[in-house]
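Accompanying notes for the structure given below.
As a basis for the values below, the full set of heavy atoms in this structure was taken, side chains included, without hydrogen atoms, waters or symmetry mates.
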Amino acid sequence: MLAPALLFLAVMIAYPLGKVIHDAFSQVNLIKPNVSGFAGLDNFKTILNDEHFWNDAKNTVIWTVCSVAGEYIVGMLAAVLLNQKFKGRAIFRTCVFIPWLVPIIVAGMTWDWMLNTDFGIVNYLLTHLHIVQAPINFLGDARFAMATVIFVNIWRSFPYYTISFLAAMQSIPGDLSEAAAIDGAGMFTRFFRITLPQLKSVSLVIVFIHVIWTAINFDFIWVMTEGGPNYATETLPIMIYRYSMKKFNVGAASALSTMMFTVMTILFVFYYRKREKINSQAG
């Protein structure tokens with residue numbers, strides 16, 4: 001009975017993963033089919049000696065940490081607000097999920113137009129309201145590019161956090177908050193002492209998932225900046241694309257993919273142990 005599922009996993013996951021690891025230690029080039037053979041650690045040395053590797057690694061960390069932190073904070077605030085009783089709450093709960101439903105390429109291109117220096121609505125408002133003297137090149141200036149793509153990514157992804165936290169908040173007994181309020185606990189005290197601890201488990205799961213999703217995300221940055229300007233927003237997944245589809249060096253691209261896979265595996269082990277610790281405490 002498990003044979004179809006095992007076959008599916010073998011074909012769709014095990015074989016591609018094994019192929020990537022194999023190519024990481026082999027000479028593989030898309031336009032030079034005669035180049036082949038065992039490469040040892042040469043592909044890894046090529047990646048580590050790339051002049052942009054450490055900058056891309058730093059960009060990946062900044063992109064991932066700032067995006068996930070921003071999504072968590074904004075998502076939590078939105079969930080707390082939507083968990084209150086007010087008129088039209090159902091409408092707001094529906095509308096807040098819209099950014100997550102928008103395809104990445106549509107969201108990226110739309111924000112690209114909105115942030116355009118010449119005809120973008122954002123620069124139009126900033127200049128006409130005299131907030132800035134001249135239009136800002138959000139995506140073409142290295143000083144603003146990374147912060148801009150992080151902001152747009154937070155805008156698109158925070159609804160996922162909001163819905164997850166809101167669903168978890170519905171399961172928290174209201175008696176706990178009411179009893180704390182009667183005892184004199186303020187709004188912030190009730191949140192940090194009652195609500196937030198109850199969200200520990202769902203927070204761990206959603207943060208871990210989004211750390212992986214964000215770290216390996218390629219399409220969002222590529223649609224908006226293609227890693228520019230001057231590598232200011234290039235992350236490791238875009239570097240993999242550059243090696244495989246522009247330099248056609250599949251071996252080096254596979255080596256970098258293997259390095260990222262190793263890091264993600266370490267993160268998974270950490271997550272698993274943390275998850276087991278939380279479950280044991282809850283039990």
Side-chain angles (χ1 to χ4, degrees), residues 65-116 120-132 136 138 147-211 213-214 217 220 223-224 278 282:
V65 172
C66 293
S67 292
V68 173
E71 293 160 3
Y72 186 93
I73 294 172
V74 177
M76 180 67 75
L77 291 174
V80 170
L81 292 174
L82 292 176
N83 195 41
Q84 309 303 313
K85 294 181 180 180
F86 58 89
K87 191 174 182 179
R89 181 174 63 173
I91 297 176
F92 284 99
R93 285 182 174 181
T94 303
C95 292
V96 77
F97 204 56
I98 292 177
W100 177 256
L101 299 177
V102 177
I104 290 178
I105 188 171
V106 175
M109 293 183 66
T110 301
W111 275 98
D112 196 0
W113 296 333
M114 291 172 59
L115 296 169
N116 187 276
I121 184 64
V122 174
N123 273 306
Y124 174 83
L125 293 175
L126 291 176
T127 53
H128 279 71
L129 293 175
H130 303 290
I131 298 176
V132 296
I136 300 174
F138 288 100
T148 301
V149 293
I150 289 174
F151 170 80
V152 177
N153 188 45
I154 292 173
W155 169 83
R156 184 186 178 273
S157 302
F158 87 89
Y160 188 88
Y161 287 75
T162 299
I163 298 301
S164 300
F165 291 144
L166 189 58
M169 288 178 183
Q170 303 300 306
S171 64
I172 301 176
D175 297 341
L176 295 176
S177 183
E178 293 177 4
I182 293 173
D183 290 338
M187 178 178 62
F188 291 102
T189 302
R190 295 197 303 271
F191 174 76
F192 286 105
R193 294 295 182 88
I194 298 176
T195 303
L196 195 58
Q198 297 291 329
L199 301 177
K200 183 184 296 184
S201 180
V202 66
S203 294
L204 179 62
V205 173
I206 196 173
V207 166
F208 173 75
I209 291 175
H210 273 261
V211 163
W213 284 355
T214 307
N217 183 280
F220 206 91
V223 168
M224 297 192 69
I278 292 177

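- In this structure, Thr214 and Ser67 approach most closely via the heavy-atom pair CG2-CB, 3.9 Å.
- Remark: Ile91 CD1 is loosely packed, at most 12 non-hydrogen atoms of other residues, nucleotides or ligands lying under 6.0 Å away.
- Contact detail for Pro197 and Phe191: the closest heavy-atom pair is CD-O, 4.1 Å.
- Ala168 and Leu199 make their closest contact through CB-CD2, 3.4 Å (heavy atoms, listed as atom of the first residue, atom of the second, distance).
- Remark: Met114 engages Thr110, Trp111, Ile121, Val122 in a side chain to side chain contact (heavy atoms under 4.5 Å, CB included) (not counting sequence neighbours).
- Across all non-hydrogen atoms, the minimal contact from Ala107 to Arg156 is CB-CD, 4.3 Å.
- Smallest separation of non-hydrogen atoms from His210 and Ser157: CE1-CB, 4.4 Å.
- Tyr124 OH: 12 or fewer foreign heavy atoms inside a 6.0 Å radius.
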For side-chain contact (heavy atoms from CB on, under 4.5 Å), just list the numbers for Asn123 and Asn116, CA-CA rounded to whole Å, side-chain angles, deciding distance to a tenth of an Å, and then say yes or no. CA-CA 7 Å; Asn123 273 306; Asn116 187 276; over 6 Å; no
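- Looking at heavy atoms from C-beta onward, Leu77 lies out of side-chain contact with Phe158 at the 4.5 angstrom threshold.
- Distance CG/Leu204 to CD1/Ile209: 9.5 Å, rounded to 0.5 Å.
- Here the side chains of Val207 and Glu71 are not in contact, with every heavy-atom distance at 4.5 Å or above.
- Arg89 CZ: more than 12 foreign heavy atoms inside a 6.0 Å radius.
- Taking CG of Asn83 as the reference point, atom CE of Met76 lies at 11.0 Å (rounded to 0.5 Å).
- Under the rule for a ring pair (Phe, Tyr, Trp, His ring centres under 6.0 Å), the partners of Phe208 that lie at least two apart in sequence or sit in another chain are Tyr271.
- By the side chain to side chain contact (heavy atoms under 4.5 Å, CB included) test, Phe192 pairs with Phe188, Leu196, sequence neighbours left out.
- If you take CG on Leu166 and CG on Leu81, they are separated by 10.5 Å, rounding to the nearest 0.5 Å.
- Pairing each heavy atom of Ile154 with each of Cys66, the nearest pair is CD1-O, 3.9 Å.
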Take Phe165 and Tyr72 through the test ring pair (Phe, Tyr, Trp, His ring centres under 6.0 Å) and record every step on the way to the result. CA-CA 10 Å; Phe165 291 144; Tyr72 186 93; 5.2 Å; yes
Please evaluate residues Tyr161 and Val74 with respect to the criterion side-chain contact (heavy atoms from CB on, under 4.5 Å), reporting the C-alpha separation (whole Å), side-chain torsions for both, the decisive distance (0.1 Å), and the verdict. CA-CA 8 Å; Tyr161 287 75; Val74 177; over 6 Å; no
Would Thr195 and Val80 count as a side-chain contact (heavy atoms from CB on, under 4.5 Å) here? Give the steps. CA-CA 9 Å; Thr195 303; Val80 170; 5.7 Å; no
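- Distance check, rounded to the nearest 0.5 Å: CZ of Phe151 to CG of Leu115 gives 8.5 Å.
- Distance check: Thr94 OG1 to Leu82 CG gives 10.0 Å after rounding to the nearest 0.5 Å.
- Trp213 places a side-chain heavy atom less than 4.5 Å from the side chain of Tyr160.
- To the nearest 0.5 Å, the span separating OG1 on Thr162 from CZ on Arg93 amounts to 11.5 Å.
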